[in-house]
Peer 1: 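Got a structure here, written out as structure tokens. Questions coming.
All residue numbers refer to positions in the sequence shown, counting from 1. Keep in mind that the numbers below use all heavy atoms, side chains included, and drop hydrogens, waters and symmetry copies.
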Amino acid sequence: LVPGFSQADASSQAQDLITMAAQKAGKSAWDGMSTLVVHESQARNTDTGLLQMELDHTMDIKGHGYRMEISSSKGKQIYGWDGKEFWAVVDGKPGDADQVKEAKRLISDAFYRFSLPFILGDSGPAISYEGKDAVDGVPTEVVKITYNGGPVDSYWSKAEDGDHAEHAGHSAGKHEEAKAEHQEEAKAEHQNENTEKHQHNAEAAGDHHGHGSSQVYFYHFDKDYHIVKIYFSHHGDDSYETFLLGDFTAVNGISREQSRKLIREDGNTLYDTRFTAIEFRKDGDESLYHSP
């Protein structure tokens, strides 16, 4: 994976590949949607054996809300993000601080993965084209992105920031004096809330992703511009894990994988997932994201 051109050319070529991947995956249709609903069946290898989990995701595509319901032999958890706070309900009771922290981790991870490849275009300068490779004999082209803290920090935080931008835009039609006053207040509120939210996200990512260190991700695109493999060092060290994505289908003009597998560095599979009942909606129900 050694491209024969300069770093500037490598970055430009990587951006071109990501742009094409987003277009092919249906970015214009994605931008017109409000809500993604997905059912996930996950077979997870644990220390005590195979655990079958059923998950239902309801995700606001712009990052304004998320609801995740998980059922298994260990009970039922409902995790949420209402646009301001994370929350958890475990076996019908309000979650404690650790369970709310788990909600943060799982939701921010899920938002990033379900938003691929559309969120990759805003990856900054730490991006390069790494040449050609193959995944199970299928030719691929590879883009490398180095994150400061991880993709969850990069993309989930931006999704949250977008909520403030939308709110400010909604108020823009007021008269100038009120507008100026609102902007000053919104600016202060934005700074305070953003500081707090980034701390929340740091906690969510830090428990699982080696927050504070550089994380390297290699995205493999096939001839149809699907991301079929993600090879990544999310612990911030030299250990790498692998996502394999497959069985792509088009839903409302948007390409979605129907299978995903996470393989540890030792070659063992942590979990194997199938996605079904994939649905996009142009509207949303904000009440779903509020804590019961």
Side-chain angles (χ1 to χ4, degrees), residues 1 10-11 14-15 17-18 21-22 36 40 42 44 55 57 59-64 66 68 79 81 85-86 98 100-130 142-163 193-221 227-245 257 260-266 270-271 273:
L1 299 178
S11 179
Q15 291 287 359
L17 182 55
I18 286 172
L36 169 63
E40 174 182 356
Q42 184 182 114
R44 177 177 287 265
L55 300 89
H57 303 263
M59 167 181 148
D60 183 280
I61 287 174
K62 304 301 187 293
H64 299 166
Y66 205 110
M68 181 187 300
Y79 296 141
W81 159 253
E85 300 290 341
F86 291 92
D98 287 340
V100 171
K101 186 176 290 187
E102 180 70 354
K104 296 177 184 180
R105 181 182 72 82
L106 291 178
I107 287 173
S108 54
D109 274 358
F111 176 84
Y112 151 67
R113 292 168 189 164
F114 281 134
S115 299
L116 293 172
F118 307 111
I119 54 175
L120 293 180
D122 190 17
S123 301
I127 179 172
S128 63
Y129 178 75
E130 295 294 304
V142 184
V143 167
K144 174 184 176 183
I145 301 178
T146 302
Y147 298 99
N148 181 18
V152 168
D153 295 334
S154 299
Y155 301 128
W156 177 250
S157 297
K158 288 176 183 176
E160 292 185 79
D161 292 346
D163 191 27
E193 290 186 2
N194 232 22
T195 299
E196 182 178 344
K197 286 182 177 180
H198 279 270
Q199 288 173 346
H200 286 328
N201 290 333
E203 292 173 7
D207 291 342
H208 185 62
H209 301 287
H211 176 75
S213 56
S214 295
Q215 298 174 28
V216 181
Y217 278 59
F218 294 89
Y219 298 90
H220 291 244
F221 297 84
I227 298 175
V228 294
K229 176 180 176 179
I230 307 172
Y231 184 62
F232 60 103
S233 65
H234 71 184
H235 296 292
D237 54 24
D238 291 330
S239 64
Y240 280 79
E241 297 179 357
T242 301
F243 273 119
L244 295 178
L245 296 76
E257 76 272 15
R260 188 190 297 157
K261 181 183 292 187
L262 176 58
I263 302 173
R264 294 295 198 193
E265 186 182 29
D266 60 9
L270 176 60
Y271 64 74
T273 279

Peer 1: Would you compute the distance between atom CZ of Arg260 and atom CD1 of Ile230 and round it to the nearest 0.5 angstrom?
Peer 2: 7.5 Å
Peer 1: Considering all heavy atoms of both residues, which atom of Ala14 and which atom of Ser128 are nearest to each other, and what is their separation?
Peer 2: CB-C, 3.5 Å
Peer 1: Who are the side-chain contact (heavy atoms from CB on, under 4.5 Å) partners of Asp98, not counting sequence neighbours?
Peer 2: Asp96
Peer 1: Residues in side-chain contact (heavy atoms from CB on, under 4.5 Å) with Glu102, at least two apart?
Peer 2: Tyr79, Arg105, Leu106
Peer 1: How long is the straight-line distance from OG1 of Thr242 back to CZ of Phe232, given to the nearest 0.5 Å?
Peer 2: 7.0 Å
Peer 1: Under 6.0 Å from the ring centre and within 45 degrees of the ring axis: does the NZ or CZ of Arg113 meet both conditions for the six-membered ring of Tyr217?
Peer 2: no
Peer 1: Using a 4.5 Å cut-off on heavy atoms from C-beta on, say whether the side chain of Tyr240 contacts that of Val216.
Peer 2: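 Result yes, sub-4.5 Å side-chain heavy-atom pair found.
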Peer 1: List the steps, then state whether side chain to side chain contact (heavy atoms under 4.5 Å, CB included) holds for Ile18 with Ile127.
Peer 2: CA-CA 10 Å; Ile18 286 172; Ile127 179 172; 3.3 Å; yes
Peer 1: Hey, could you give me the CG/CD distance between Asn148 and Gln215, rounded to the nearest 0.5 Å?
Peer 2: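 Those atoms lie 9.0 Å apart.
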Peer 1: For Ala21 and Pro117, which heavy atoms make the closest approach, and how far apart are they?
Peer 2: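 Smallest interatomic distance, heavy atoms only, reads O-CG, 3.9 Å.
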Peer 1: So, Glu241 and Ser239: side-chain donor and acceptor under 3.5 Å apart, yes or no?
Peer 2: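 On atom types as modelled, these side chains do not qualify, holding no pair under 3.5 Å.
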Peer 1: Are side-chain heavy atoms of Leu120 and Val143 found at a separation under 4.5 Å?
Peer 2: no
Peer 1: So, does Gln42 use its side chain to make a donor-acceptor pair with the main chain of Thr273 at under 3.5 Å?
Peer 2: no
Peer 1: Could you tell me whether Tyr147 and Tyr155 have their ring centroids closer than 6.0 angstrom?
Peer 2: yes
Peer 1: Mind checking what makes ring-ring contact (aromatic ring centres under 6.0 Å, His included) contact with Tyr271, not counting sequence neighbours?
Peer 2: none
Peer 1: Would a 4.5 Å heavy-atom cut-off, applied to side chains only, mark Lys229 and Leu245 as touching?
Peer 2: no
Peer 1: Rounded to the nearest 0.5 Å, what separation is found between the NZ atom of Lys101 and the CZ atom of Phe86?
Peer 2: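 Answer rounded to 0.5 Å: 12.5 Å.
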Peer 1: Please name the pair of heavy atoms, one in Tyr112 and one in Pro151, separated by the smallest distance, quoted to 0.1 Å.
Peer 2: CE1-CB, 3.7 Å
Peer 1: Check whether any side-chain N or O of Trp81 sits under 3.5 Å from a backbone N or O of Met59 as a donor-acceptor pair, and report yes or no.
Peer 2: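 Answer holds: no.
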Peer 1: Measure the shortest side-chain to side-chain distance between Tyr219 and Leu116 over non-hydrogen atoms and say whether it is less than 4.5 angstrom.
Peer 2: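 They are in side-chain contact.
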Peer 1: Can you give me the closest heavy-atom contact between Ala110 and Tyr66, atom names plus distance?
Peer 2: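 Scanning both residues, the minimum pair turns out to be CB-OH, 3.2 Å.
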Peer 1: About how many Å separate CE of Met68 and CG of Leu55, when rounded to the nearest 0.5 Å?
Peer 2: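 Nearest 0.5 Å value for the CG-CE distance: 6.5 Å.
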Peer 1: Between NZ of Lys104 and CD of Glu85, what distance do you get to the nearest 0.5 Å?
Peer 2: 8.0 Å
Peer 1: Taking side chain as C-beta onward, heavy atoms only, is Phe221 less than 4.5 Å from Ile227?
Peer 2: yes
